[in-house]
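Working notes for the structure below.
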2 protein chains.
Amino acid sequence: MKSEQVLVKKVNLTKKQKELIERIGIFMEQQGLPPAVARICGLLMVSDRLELTFEEIYSTLNISKSAASNAINLLLNSHKIEYITKPGDRKRYFKVCIDQWEKMLKERLQGFSSYISLVEEIHNQRTKSTKTFNASLKDAVGFIKFMSKEFPLLYEKWQKSKK
Amino acid sequence: MKSEQVLVKKVNLTKKQKELIERIGIFMEQQGLPPAVARICGLLMVSDRLELTFEEIYSTLNISKSAASNAINLLLNSHKIEYITKPGDRKRYFKVCIDQWEKMLKERLQGFSSYISLVEEIHNQRTKSTKTFNASLKDAVGFIKFMSKEFPLLYEKWQKSKK
DNA sequence: GTTTTGGTTCTTCTCTAACAGAACTAAAAA
DNA sequence: TTTTTAGTTCTGTTAGAGAAGAACCAAAAC
């Protein structure tokens, strides 16, 4: 009476790694990503092997295939992960895009300038009688404009400082 | 047969103002605030009078008293709005904190540096064998550190440029 | 052809954020 | 004292996000 052998290819993780995955997960959830998505990113960031298969991902994280599939596609679409293939192997090997963090950071800085037109419009539409308030709004616009002009320069400066 | 007179003190708003409130609302929702909260902020930003009462707020926006109450308290706690009172008047007059936008923007820039310790920890915990990836992580840490050093300087620079 | 693999898609379920409405309250007005 | 005002708190309700599980599918292996 052989018991059914269910072999799941989980990735071996230390306690520390598991803990770190959770912390990355929480962090990324705060950036607006769903839990499963966040933890997949975490796993791909901390695991010793950088390229993991679909099965390794969902079985290691104990999430369903469907959850994994949707999450992975979301991450692929937003270019946070990518995959490679190997000759004579049907599987895809998923890994985080190497510049993911840098991209996230840059995005965050730029998303910033989306404020401009809105605040500007509020300023233009306002009654002229609220001088102080309007001045403060105008100031905000100035600040954003200043920043979005300086960021690229700062980025360049950093690039140079690396060399 | 007099019909019950329900007088609601709505704030008069132009079509343009209403439209702008919605746009501000959507924008702030994307920053993670609930719809009602976002639209209250919007209203207080665009209305000709900067200081509105509780009743004016909930009746103008067609939201319930409870929704308004909770939203207003949330905004008060996060110092996005404040209120003034007038002698011989029990009402509170709510208004956006004049530096709200600047604060939001600064917060956003700073929230940024919370990345450091996490990415650093990921880097430290990683196996040493994945050289390229680890180098890229280290690079990210460098970028964040660089940025959080430069921001205050940039802010100062802006302050000066205003004078 | 049949089976297995590597996923995808569909349906269902659950949980909670967000709000409404009504009951409540404390202070002020009458 | 009673009533009104300016909110607050409590109790549902509802819609949607997120995930599970099963059915499904296409390509490859057998």
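Lettering follows sequence order; numbering is per chain, from 1. Predicted model only: the values in this text are computed from it and were never measured.
Residue A:Lys162 qualifies as enclosed at atom NZ: its count of foreign heavy atoms under 6.0 Å is above 12.
A:Asp89 places its CG atom 13 Å from the C1' atom of D:dA29, with the value rounded to the nearest Å. For the pair A:Leu76 CG and C:dT8 P, the computed distance is 9 Å after rounding to whole Å. With rounding to whole Å, B:Asn77 atom CG is found 11 Å from D:dT8 atom P. Residue A:Tyr93 contributes atom OH, which lies 14 Å from atom C1' of C:dG7 at whole-angstrom precision. If you take CZ of B:Phe54 and C1' of D:dT5, they are 12 Å apart, rounded to a whole angstrom. Summarising the geometry, the separation between CG on A:Leu75 and P on C:dT8 is reported as 13 Å, rounded to the nearest angstrom. The NZ atom of B:Lys91 sits 15 Å away from the P atom of D:dT8 (whole-angstrom rounding). Atom P of nucleotide D:dC10 and atom CG of B:Asn73 are separated by 13 Å, given to the nearest angstrom.
A tilted orientation is assigned to the rings of A:Trp101 and A:Phe27, their planes being inclined by 30° to 60°. Using cut-offs of 30° and 60° on the angle between ring planes, the pair B:Trp158 and A:Phe146 is tilted.
In this structure, B:Arg92 reaches the D:dT8 phosphate: one of its side-chain N or O atoms is under 4.0 Å from OP1 or OP2. Side-chain nitrogen and oxygen atoms of B:Arg90 include none within less than 4.0 Å of the OP1 or OP2 phosphate oxygen of C:dA29.
For the ring pair (Phe, Tyr, Trp, His ring centres under 6.0 Å) with A:Phe94, the lone residue among A:Tyr83, A:Tyr58, A:Phe54 that qualifies is A:Tyr83.
The side-chain heavy atoms of B:Ile21 and B:Leu13, taken from C-beta on, include a pair separated by under 4.5 Å.
Atom NZ of A:Lys91 sits about 12.5 Å away from atom CD1 of A:Ile84, to the nearest 0.5 Å.
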Inset, instruction - Treat primed atoms plus P, OP1 and OP2 as sugar-phosphate and everything else as base, then score nucleotides 13-24 of chain D 5' to 3': B for base contact with protein heavy atoms under 4.0 Å, S for sugar-phosphate contact only, - for none. - result: ------SBB---
